[in-house]
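A quick write-up on the structure given underneath.
A note on names: the letters A, B, ... follow the listed sequences, proteins ahead of strands, and every chain is numbered from 1.
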2 protein chains.
Amino acid sequence: MLQTTVEMEKAAMILKLLGDKTRLTMVKILDKHDCCVCEFVEIFKVSQPSISQHLRKLRDVGLVEEERKGQWIFYSINKDNEYYPFVQQILDQLPSQDQKLKELEEKGTRIICC
Amino acid sequence: MLQTTVEMEKAAMILKLLGDKTRLTMVKILDKHDCCVCEFVEIFKVSQPSISQHLRKLRDVGLVEEERKGQWIFYSINKDNEYYPFVQQILDQLPSQDQKLKELEEKGTRIICC
DNA sequence: GCACTATATAAGCAATTAATTATATAATGA
DNA sequence: TCATTATATAATTAATTGCTTATATAGTGC
């Protein structure tokens with residue numbers, strides 16, 4: 001197992017960022033699949049601005065990246081981020097959230113773009 | 001490596017709890033050494049009630065335990081706690097905080113009790 | 001250009017947080 | 001018993017958080 005070390009202050013900042021059920025689930029999903037904003041809105045049943053604000057916090061520390069594809073903006077995990085190894089260790093202990101995307105597919109609201 | 005799984009809601013709760021520099025450092029220290037309240041007051045340079053309140057939050061989820069020894073109350077990590085394996089994986093990625101206790105010893109303010 | 005969809009940002013608000021000071025409780029030791 | 005030390009709890013407060021609604025920006029397709 002690769003062992004990294006994260007400075008205490010930064011570690012606390014990352015844990016605080018992940019210490020929100022919505023953001024934690026977002027990151028867990030993004031670790032396996034790219035997603036666009038409207039899919040998260042569908043999954044979490046909160047307003048679109050609320051989702052955008054959560055994504056912004058994740059983007060501000062560089063943990064996720066955005067990429068426009070037509071009218072959608074897709075978010076993905078930035079595996080090059082300095083905190084990613086730390087975050088990954090945490091995510092590995094969480095249950096898969098694939099079911100949430102599967103439900104979107106069944107409802108026909110999963111965006112498969114380009 | 002033992003792989004456990006923590007429910008998303010509970011994981012977010014634990015991460016939020018650890019997402020504070022003082023509490024995170026406390027837990028990191030307690031993972032290796034028992035400590036009493038006054039030592040934390042000395043280490044973190046905040047008021048005694050502030051330390052007590054942080055410890056209470058950690059105790060409320062069962063992550064730490066208290067034990068009175070004379071006039072002091074010593075806190076220790078509860079390794080039997082259901083979240084401990086999850087927490088331990090996080091702590092293992094953080095730098096040792098032994099130096100903080102060493103400084104107390106040098107100043108003569110480390111409590112070696114009983 | 002215009003209607004529509006997707007997303008971001010701004011503003012406002014209620015709830016939560018982490019600190020403080022003041023006070024209560026409990027053990028120690030003269 | 002009383003002063004001292006250690007700790008917990010209560011009350012207060014300023015800052016932060018996560019949500020909402022309103023609005024701005026940007027791409028799509030007619």
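Here the C1' atom of nucleotide D:dT16 and the CE atom of A:Met13 are 16 Å apart, to the nearest Å. Residue A:Arg56 contributes atom CZ, which lies 14 Å from atom P of D:dT17 at whole-angstrom precision. The separation between A:Trp72 atom CH2 and C:dC4 atom P is 18 Å, rounded to whole Å. Rounded to an integer number of Å, the gap from CG of A:Leu58 to P of D:dT17 is 13 Å.
The side chain of A:Thr22 lies closest to D:dC19 when the candidates are C:dT20, D:dT9, D:dC19. Of the candidates D:dT9, C:dA19, C:dT7, C:dT7 carries the atom nearest the A:Cys38 side chain, counting heavy atoms from C-beta on. Candidate nucleotides C:dA8, D:dC19, D:dT5 were compared by shortest atom distance to the side chain of B:Gln71, and D:dT5 ranks first. For A:His54, counting side-chain heavy atoms from C-beta on, the closest listed nucleotide (C:dA18, D:dC19, C:dA8) is D:dC19. Listed nucleotides: C:dT7, D:dC19, C:dA27. Nearest to the side chain of A:Gln48: C:dT7. Comparing C:dT20, D:dT7, D:dT17 by their nearest atom to the side chain of B:Ser47 picks out C:dT20.
The CD atom of B:Glu39 sits 10.5 Å away from atom NE2 of B:His33, with the distance rounded to the nearest 0.5 Å. Note that the CD atom of B:Gln99 and the CD1 atom of B:Ile29 stand 11.0 Å from one another [nearest 0.5 Å]. In this structure, the separation between NE2 on A:His54 and CG on A:Leu17 is 10.0 Å, given to the nearest 0.5 Å.
Annotation: of the two residues near DNA chain D, A:Val46 and B:Arg59, the 5′-most nearest-nucleotide partner is B:Arg59.
Using a 4.0 Å cut-off between charged side-chain N and carboxylate O, A:Asp98 and A:Lys102 make no salt bridge. Between B:Arg59 and B:Glu66 there is a salt bridge, since a side-chain N of the basic residue sits under 4.0 Å from a carboxylate O of the acidic one.
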So B:Ser50 and B:Val41, side-chain contact (heavy atoms from CB on, under 4.5 Å) or not? Walk me through it.
-> CA-CA 8 Å; B:Ser50 180; B:Val41 171; over 6 Å; no
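Among the heavy atoms of the strands lying under 4.0 Å from A:Tyr75 are primed sugar atoms or P, OP1, OP2 only; no base atom is included. Using a 4.0 Å heavy-atom criterion, one finds that B:Lys21 contacts no nucleic acid atom at all.
One side chain, B:Tyr84 or B:Asp31, offers a donor N or O that lies under 3.5 Å from an acceptor on the other.
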For nucleotides 10-14 of chain C, tabulate all protein N/O to nucleotide N/O atom pairs closer than 3.5 Å, reporting atom names and distance.
from, atom 1, to, atom 2, distance (Å)
C:dA10, N6, A:Gln53, NE2, 3.4

